[in-house]
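To keep things clear, I will list the structure first and then write my remarks on it.
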2 protein chains.
Amino acid sequence: MTHPVETAFDRLDTPCLLLDRGRLAANLERMETRAAGLGVALRPHLKTAKSAEVAAAIPSARSHGITVSTVKEAEYFAGRGFADQLYAVATAPGRLGRLAALVRAGTRVRLAADNLAAVEAIAAAGRREGLVFEVLLEIDSGEHRCGLPAEAAELVELGARLAAGPGTRLGGVFTHAGHSYGCRSIGAIRAVAEAERAAVVHARDRLRAAGLPCGIVSVGSTPTATFAAGLEGVTEIRAGVYVFQDLFQVGLGVCRIEDIAATVLTTVIGHQRRHGRVLVDAGGLALSKDRSTAALGPDGDCGYGLVLAADGETLLPGLRVVDAYQEHGVLEGRDGIDFERLPIGTRLRILPNHACMTCSAFDRYHLVDGMQPGAVWPRIHEWV
Amino acid sequence: MTHPVETAFDRLDTPCLLLDRGRLAANLERMETRAAGLGVALRPHLKTAKSAEVAAAIPSARSHGITVSTVKEAEYFAGRGFADQLYAVATAPGRLGRLAALVRAGTRVRLAADNLAAVEAIAAAGRREGLVFEVLLEIDSGEHRCGLPAEAAELVELGARLAAGPGTRLGGVFTHAGHSYGCRSIGAIRAVAEAERAAVVHARDRLRAAGLPCGIVSVGSTPTATFAAGLEGVTEIRAGVYVFQDLFQVGLGVCRIEDIAATVLTTVIGHQRRHGRVLVDAGGLALSKDRSTAALGPDGDCGYGLVLAADGETLLPGLRVVDAYQEHGVLEGRDGIDFERLPIGTRLRILPNHACMTCSAFDRYHLVDGMQPGAVWPRIHEWV
């Protein structure tokens with residue numbers, strides 16, 4: 001019987017989340033350099049990492065500011081010294097009390113709005129709480145998820161309402177070109193990046209023409225931040241998944257497989273030799289049910305993830321997670337499986353389709369430096 | 001401007017997980033009655049609920065025993081008095097130390113195995129720890145995920161190895177007919193249930209013919225438990241999702257929409273009138289990226305969930321969650337959306353595709369009794 005090779009990971013129970021320190025550092029450095037080259041600030045979106053230790057490793061997070069997606073993230077990062085924030089998701093009115101407490105305690109947390117009801121709710125809360133909420137107008141630059149078009153009649157009306165107060169201040173405009181995820185060429189991503197830039201700059205120009213302030217002009221998604229040809233008029237980029245990268249970003253051409261910093265450590269728990277399958281203990285909870293790479297077509301479809309040896313370097317060619325039950329992951333190989341090379345107990349690493357979703361199953365990162373496990377970095381979870 | 005109706009839920013921050021006490025009680029009662037009618041014990045699978053309070057509401061969980069899917073669940077429920085357990089996922093060898101500690105402390109936690117390497121690892125750990133692990137052989141009754149066929153030559157060999165010890169004892173056989181989820185009629189589910197029964201009874205007969213003990217003969221999935229015509233020779237059924245039910249179970253014909261007990265409370269945070277969309281604050285993290293209902297075809301496909309009014313009773317017809325970004329859910333209506341009825345701030349409930357996946361995003365259940373929020377029940381998360 002073949003026995004699994006013992007590694008320094010054997011003391012870690014699986015499934016668990018590994019974070020490669022070298023890859024993380026390289027990813028962070030690359031985006032800092034990119035932003036500097038574009039002449040814009042970087043406001044990293046920490047919804048991917050949800051970790052103060054990751055944030056502390058990002059120079060721009062302290063020198064410029066951060067982006068968050070929930071009030072819990074805002075509170076958590078505020079408590080760890082990240083006092084300049086953009087909460088880039090439209091605010092449920094019931095959440096304004098918690099946000100007011102943050103503002104009162106000295107965190108500059110900017111809110112998002114794209115309609116009059118939201119603006120009125122924020123203004124009412126500001127007056128009630130005796131403070132001023134700084135609000136950015138969200139622009140739809142083509143994704144059509146949220147935001148209003150740069151040419152919308154109500155843009156100036158909303159800007160004027162925010163600028164007039166009381167209870168509010170107009171901080172600027174922002175957009176997210178999430179439709180860059182639908183691109184299938186770098187040229188197409190570059191075109192979306194230009195549409196993203198043009199939309200917020202046009203919105204800014206309209207506000208300024210009406211005599212309104214527009215300090216922040218913010219764009220960002222990891223693909224557009226990576227490939228934008230230029231960002232004239234933009235003050236900052238927001239990107240999040242770049243810190244870890246993932247298989248979908250590989251499929252878009254944003255990074256290489258060897259840039260992916262966050263992986264799920266798993267253990268082989270079964271063989272189905274009759275059906276050419278290996279079972280691992282990372283299933284749908286550990287990997288998420290995200291199937292984003294399915295949109296990349298047969299060549300780009302990674303199932304629920306691709307498979308690395310425990311060293312984090314060696315891709316096991318042709319192997320994919322083809323099914324993800326709650327606690328069972330099913331591996332199949334394009335050309336069958338060599339069961340003798342994957343005995344029960346073997347540790348493997350799964351590369352995630354979508355880092356934001358996969359990391360969310362875990363409460364901590366196990367830092368790794370090559371084969372050497374290191375520090376444990378906690379990450380937050382849930383909304384309250 | 002239309003304002004949202006105020007409800008007793010307004011003090012709950014969203015997204016959060018609601019659990020309808022009456023529906024839960026009815027679901028639990030129905031399966032207890034079902035098991036009694038079939039003349040078998042019920043060993044509920046608590047991987048769905050991961051909550052001692054839910055377990056305590058299940059009569060069979062205390063009188064007979066429970067099923068778990070992780071060592072953390074085993075430890076958690078053992079600490080709350082659930083001392084008769086089946087850990088129904090193949091055990092990674094590195095996890096046997098934690099399991100030994102449970103056995104030593106008096107929990108009867110039975111392990112699963114389907115191959116010689118796993119049996120040898122369990123036996124070695126039993127000898128090393130100076131105790132006896134009770135092991136059930138896992139049978140593949142047609143799903144081909146794990147287990148060995150009832151007619152496999154090595155079945156008796158593995159049984160004999162377990163029965164001989166030292167370090168192990170043969171506790172019986174079990175199977176999970178997960179392929180019942182692929183059925184598209186009740187007749188087909190009934191046929192899978194019979195194949196599930198026949199497989200374990202055949203395995204039992206082969207073990208007994210070799211003079212080996214086979215106390216437990218365990219089957220179960222919510223669909224097969226619901227529709228099995230008879231379970232002669234079976235000693236117990238395991239089912240899990242029945243406690244909450246979900247849209248996939250509705251699609252299979254297992255339950256009605258009004259039986260679904262766990263829902264995600266969410267808030268309307270935006271309108272995209274130009275594109276016929278309403279934004280809510282339950283996205284891919286809160287709902288999971290599970291798209292199991294896509295397999296039910298256009299009529300059964302619920303997107304990422306269907307939508308109830310906050311009362312938990314009124315289905316908003318034609319409305320679905322068509323997209324799920326990390327913190328944004330996108331609602332579209334088959335016949336458009338009446339935005340005036342869904343003002344910013346409106347509370348809604350989302351019915352999940354797959355309760356096990358959706359609940360996993362949350363650390364607690366907010367019990368509800370009609371419109372009245374009640375107790376908070378914690379649930380566990382993660383693996384360690």
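A, B, ... follow the sequence lines: proteins, then strands. Residue 1 opens every chain. Note that the structure is predicted; figures quoted are calculated from it, not measured.
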Mind ranking [options] by heavy-atom pairs under 4.5 Å with chain B and telling me who comes out on top?
options	value
S69(A), C16(A), A113(A), G283(A)	S69(A)
S360(A), G345(A), C146(A)	C146(A)
K47(A), H381(A), R277(A)	H381(A)
P149(A), G270(A), G178(A)	P149(A)
R291(A), E327(A), E138(A), R364(A)	E327(A)

So which part of [X] gets closer than 4.5 Å to some heavy atom of chain A, the side chain, the backbone, both or neither?
X	result
Q272(B)	side chain
H328(B)	side chain
S288(B)	neither
A152(B)	both
T14(B)	both
R145(B)	both
L279(B)	side chain
A324(B)	neither

How long is the straight-line distance from [atom2] of [Y] back to [atom1] of [X], given to the nearest 0.5 Å?
X	Y	atom1	atom2	value
L17(A)	W383(B)	CG	CH2	9.5 Å
L287(B)	K289(A)	CG	NZ	15.0 Å
D290(A)	Q326(B)	CG	CD	10.5 Å
I269(B)	R95(A)	CD1	CZ	7.0 Å
D323(A)	E143(B)	CG	CD	8.5 Å

In terms of side-chain geometry, is the basic nitrogen of R274(A) or D140(B) positioned less than 4.0 Å from the acidic oxygen of its partner?
no

Using 4.0 Å as the upper bound for N to carboxylate O, is an ion pair formed by R98(B) and D13(A)?
yes

At a heavy-atom separation under 4.5 Å, does H275(A) approach chain B through its side chain, its backbone, both, or neither?
side chain

Nearest heavy atoms of A92(B) and D281(A), plus distance in Å:
CB-OD2, 4.3 Å

For chain A, which candidate among A121(B), S292(B), A118(B), A286(B) shows the most heavy-atom pairs at distances under 4.5 Å?
A286(B)

Below 4.5 Å, heavy-atom pairs only: which of V330(B), L285(B), L12(B) has the largest tally toward chain A?
L285(B)

Do any N or O atoms from the side chain of E382(B) and from the backbone of D363(A) form a donor-acceptor pair under 3.5 angstrom?
yes

For the residue pair N115(A) / H271(B), report whether a side-chain donor-acceptor contact shorter than 3.5 Å exists.
no

Please tell me if the side chains of H176(B) and Y325(A) come closer than 4.5 Å, counting only heavy atoms from C-beta onward.
no

